[in-house]
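Remember, it's 1-based here, ligands and their atoms both numbered in the order they're listed.
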Amino acid sequence: MKRILITGAAGFLGSHLCDRFIKEGFHVIGMDNLITGDLKNIEHLFKLENFEFYNHDVSKFVHVPGKLDYILHFASPASPIDYLKIPIQTLKVGSLGTHNLLGLAKEKNARIMIASTSEVYGDPLVHPQNEEYYGNVNTIGPRGVYDEAKRFQESITMAYHTYHGLETRIVRIFNTYGPRMRLNDGRVVPAFIGQALRGEDLTVFGDGSQTRSFCYVDDLVEGIYRLLFSDYVYPVNIGNPNEITIADFAEEIIRLTGTDQKVIYKPLPVNDPLQRQPDITKAKEVLDWEPKIDRSEGMKRTLEYFKSLSEEELYKSEHRDFKKTT
Ligand code: UDP
């Protein structure tokens with residue numbers, strides 16, 4: 001049985017990846033320090049013999065007994081609100097954490113994929129963004145801690161590939177949504193759906209003319225799966241090119257949920273990218289991959305998930321104690 005380590009296993013993407021690799025017959029070792037992850041995302045896996053879980057912070061030395069065939073490094077805060085609250089941890093997991101996992105991969109002779117992001121393109125001056133674009137990042141802006149950690153992560157991963165001959169893969173993930181997103185992490189999909197379900201007005205930041213392109217999680221997982229088993233070592237964009245303005249997206253959520261709430265406008269956060277749309281030509285060519293689930297279907301499934309949450313969960317405000325994290 002092939003053994004795979006998935007870091008960030010209790011998070012949104014990590015938990016879906018655990019499900020997929022369990023389904024494919026792997027022995028899955030999940031790792032998470034639960035700063036932003038939640039065990040409820042993977043509690044259904046604990047009864048399985050081919051799943052184990054380590055509560056560990058990967059920015060500290062990582063030890064996993066036994067052989068390892070693959071590592072997926074998906075641990076990181078991933079919403080602007082989170083990395084504003086825990087900037088140092090965000091930098092550490094992308095830099096020190098990645099270094100530790102590359103070392104582990106080398107030791108175990110395992111293939112490693114790291115989760116990079118469209119944020120490496122910053123507030124892009126090229127549209128849509130292809131993998132050859134170098135980006136436009138403010139190193140010292142509020143998003144810099146995430147963006148630069150991810151850029152360093154790509155550099156060190158390529159260095160391990162070229163210098164040590166390590167088998168590496170780099171996925172650049174664009175905005176992704178689906179069940180298990182954290183309701184209060186500040187990202188726009190759970191924010192709007194949560195507001196609509198609670199009967200609150202939807203908060204559009206800025207004038208709402210900024211764009212995003214939302215990919216349903218199952219499509220993303222399929223792209224990641226194909227990339228891991230391909231022989232392509234350079235970064236690959238995975239995302240859905242269907243672009244929408246945030247103002248139009250708010251109207252879409254109002255229609256979908258049938259709420260009679262209004263849109264209200266709030267100031268645009270600093271360095272909020274104005275446009276974002278993946279060029280997925282490479283993924284099509286190299287992986288024969290493109291998204292299959294359109295936004296209306298994906299949002300329907302996502303809404304079902306948020307509707308299934310208890311009243312208590314829907315109304316509870318974030319009470320994570322980030323202060324305890326190092
Ligand atoms: N946004 C918004 N209202 C909210 C939350 C987010 O208008 O309540 C906007 C945010 O300013 C950004 C977009 O929605 O332009 C996507 O934000 P998100 O945090 O989901 O991800 P980003 O792509 O910015 O990392």
Side-chain angles (χ1 to χ4, degrees), residues 11-13 36 76-87 90 94 115-124 127-129 135-138 141-151 172-217 220 237-254 256-257 259 261-278 295 298-299 302 306 314 317-318:
F12 164 48
L13 296 183
T36 56
S76 176
S79 87
I81 297 259
D82 284 346
Y83 41 81
L84 277 172
K85 286 187 192 150
I86 39 176
T90 304
S116 187
T117 165
S118 54
E119 288 283 326
V120 300
Y121 303 123
D123 190 1
H127 197 75
Q129 295 81 54
N136 177 38
V137 172
N138 176 3
R143 287 174 180 255
V145 294
Y146 183 67
D147 302 6
E148 291 301 341
K150 292 293 186 183
R151 289 168 68 97
R172 288 189 182 149
I173 299 169
F174 282 66
N175 292 71
T176 301
Y177 68 97
R180 302 185 193 153
M181 291 187 95
R182 228 166 74 226
L183 194 57
N184 294 311
D185 75 356
R187 279 181 288 189
V188 70
V189 173
F192 284 176
I193 293 181
Q195 287 162 344
L197 293 181
R198 289 188 299 264
E200 298 166 3
D201 291 334
L202 275 65
T203 53
V204 167
F205 297 161
D207 63 5
S209 63
Q210 73 272 32
T211 69
R212 293 295 185 272
S213 310
F214 297 106
C215 183
Y216 188 66
V217 63
L220 182 93
N237 289 340
I238 300 285
N240 190 322
N242 188 358
E243 187 185 11
I244 185 171
T245 68
I246 294 301
D248 287 347
F249 183 56
E251 294 301 333
E252 217 175 81
I253 296 290
I254 286 174
L256 177 71
T257 54
T259 178
Q261 298 309 124
K262 292 184 298 298
V263 166
I264 53 170
Y265 291 87
K266 297 235 170 136
L268 191 67
V270 177
N271 295 146
D272 197 284
L274 286 180
Q275 284 190 310
R276 195 184 282 148
Q277 184 193 33
R295 209 171 46 243
M299 285 298 163
T302 307
F306 283 109
L314 188 61
S317 56
E318 190 79 306

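For Asp207, the side-chain hydrogen bond (donor to acceptor under 3.5 Å, both in side chains) test picks out Ser209, with sequence neighbours left out. Qualifying salt bridge (charged side-chain N to carboxylate O under 4.0 Å, His left out) partners for Asp185, counting only residues two or more places apart in sequence or in other chains: Arg187.
The atoms of ligand 1 that sit less than 4.0 Å from any heavy atom of Pro80 are 19 (O), 25 (O). Taking a cut-off of under 4.0 Å to the non-hydrogen atoms of Ala191, the atoms of ligand 1 that pass are 8 (O). Less than 4.0 angstrom separates some heavy atom of Val204 from each of these atoms of ligand 1: 7 (O). The ligand atoms of ligand 1 that sit less than 4.0 angstrom from a heavy atom of Asn175 are 21 (O), 22 (P), 23 (O).
When Asp147, Asp272, Asn271, Ile264 are ranked by how near their heavy atoms come to atom 15 (O) of ligand 1, first place goes to Asp272. The heavy atom nearest to atom 24 (O) of ligand 1, considering only Arg276, Lys266, Arg143, is found in Arg143.
A heavy-atom separation below 4.0 Å is not found between Ser79 and ligand 1. Ligand 1 is approached by Phe192 to a heavy-atom distance shorter than 4.0 Å. For Glu119, the closest heavy-atom approach to ligand 1 falls below 4.0 Å.
Contacts between Thr203 and ligand 1 below 4.0 angstrom, taking non-hydrogen atoms only, involve backbone and side chain alike. The proximity of Val189 to ligand 1, defined as any non-hydrogen pair under 4.0 Å, does not occur for either the backbone or the side chain.
Between the CZ atom of Phe249 and the CG atom of Leu256 there is a distance of 9.0 Å, given to the nearest 0.5 Å.
Residue Arg187 has no N or O atom closer than 3.5 Å to an N or O atom of ligand 1. Any N or O atom pair closer than 3.5 Å counts here, and Tyr83 shares no such pair with ligand 1. Polar contact with ligand 1: absent for Pro273 (N/O pair, distance under 3.5 Å). Any N or O atom pair closer than 3.5 Å counts here, and Gln195 shares no such pair with ligand 1. Taking distance alone, with nitrogen or oxygen atoms compared against 3.5 Å, Val188 approaches ligand 1 more closely than that limit.
Side-chain N or O atoms of Asp123 include none that pairs as donor or acceptor with a backbone N or O of Asn271 at under 3.5 Å. When atom types are taken as modelled, the side chain of Gln277 and the backbone of Pro241 share a donor-acceptor pair closer than 3.5 angstrom. A side-chain donor-acceptor contact under 3.5 Å links Gln210 to the backbone of Phe205. With hydrogens and angles ignored, the 3.5 Å screen pairs no side-chain donor or acceptor of Gln275 with any backbone N or O of Thr211. For Ser213 (side chain) and Arg276 (main-chain N/O), a donor-acceptor pair under 3.5 Å exists by modelled atom type.
Inspection of the Thr203 and Gln195 side chains reveals an N or O donor paired with an N or O acceptor under 3.5 Å.
Proximity of Arg143 to Pro273: side-chain heavy atoms (C-beta onward) are separated by under 4.5 Å at one or more points.
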